[in-house]
Amino acid sequence: MILNDKQITVAYRCPNCGMWVTGMVGMFSLTADMLRLKCPCGESEATMVHTAEKKIRLTVPCFLCPQPHHYTVSSAMFFERDIFALPCAYSGIDICFIGAEDKVSAASDASDKELLEILGDNDYSEFAKAREA
């Protein structure tokens, strides 16, 4: 019997550069150790840990808040849903998407449009400066 490694996509927006950081996460690789999803700019990372209680503990950088947010979800939710989002606890805006690659891509595109509406005539660098203030 061959077991398939269930793969899902995780994406978060880097609070430093504003780019989406996307990676594939496999069930077997996550159960072995902590996984880190690092931005190429080197300024942020999301971490995922599989607990003994069969839950996934995530730490996700927030592009709105100065500190990352912490979440705990069931393994079933993490690996079986087509898509789900993790929101900023203070603004309610989604900061991380987890699920099927095409659904995560569509959700991040929709989030880009939402952020452009919020920014108006400003660009992301001005938004990032305001976040640090």
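The structure displayed is predicted, hence computed values, not measured ones.
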Going from [atom1] on [X] to [atom2] on [Y], what distance comes out if it is rounded to the nearest 0.5 angstrom?
| X | Y | atom1 | atom2 | value |
| --- | --- | --- | --- | --- |
| Cys14 | Met19 | SG | CE | 9.5 Å |
| Thr47 | Ile56 | OG1 | CD1 | 11.5 Å |
| Phe84 | Lys103 | CZ | NZ | 15.0 Å |
| Lys55 | Met77 | NZ | CE | 10.0 Å |
| Ser108 | Lys113 | OG | NZ | 11.0 Å |

> Phe79 and Ile83: same hydrophobic cluster, using ILVMFWY side-chain contacts below 4.5 Å?
Replying inline: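 No, separate clusters.
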Is it true that Leu64 and Val21 fall in one hydrophobic cluster, defined by side-chain heavy atoms closer than 4.5 Å?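 Yes, Leu64 and Val21 fall within the same hydrophobic cluster.
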Do [X] and [Y] have side chains that get closer than 4.5 Å, going by heavy atoms?
| X | Y | answer |
| --- | --- | --- |
| Pro68 | Thr59 | yes |
| His69 | Cys88 | yes |
| Val10 | Thr22 | no |
| Leu58 | Ile98 | yes |
| Pro87 | Ile93 | no |

Does the side-chain contact (heavy atoms from CB on, under 4.5 Å) test come out yes or no for Met48 and Val25, once each step is laid out? CA-CA 9 Å; Met48 292 151 269; Val25 176; 3.9 Å; yes
So, the side chain of [X] versus the backbone of [Y]: is there a donor-acceptor pair under 3.5 Å, distance only?
| X | Y | value |
| --- | --- | --- |
| Tyr12 | Leu37 | yes |
| Ser111 | Ala107 | no |
| Arg13 | Gly18 | yes |

Is the distance between the ring centroids of Phe78 and His50 under 6.0 Å?
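No, the ring of His50 stays outside the 6.0 Å limit from the ring of Phe78, centre to centre.
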Applying side-chain contact (heavy atoms from CB on, under 4.5 Å), run through Ile95 and Phe63 and close with a yes or a no. CA-CA 7 Å; Ile95 62 169; Phe63 67 94; 3.8 Å; yes
Taking all non-hydrogen atoms of both residues into account, name the closest pair between Gly99 and Val104 and its distance.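 Scanning both residues completely, I find the closest heavy atoms to be N-CG2, 3.5 Å.
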Among Pro61, Cys41, Ser44, Cys39, side-chain contact (heavy atoms from CB on, under 4.5 Å) partner for Asn16
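With Asn16 as partner, Pro61, Cys41, Ser44, Cys39 yield a single side-chain contact (heavy atoms from CB on, under 4.5 Å), made by Cys41.
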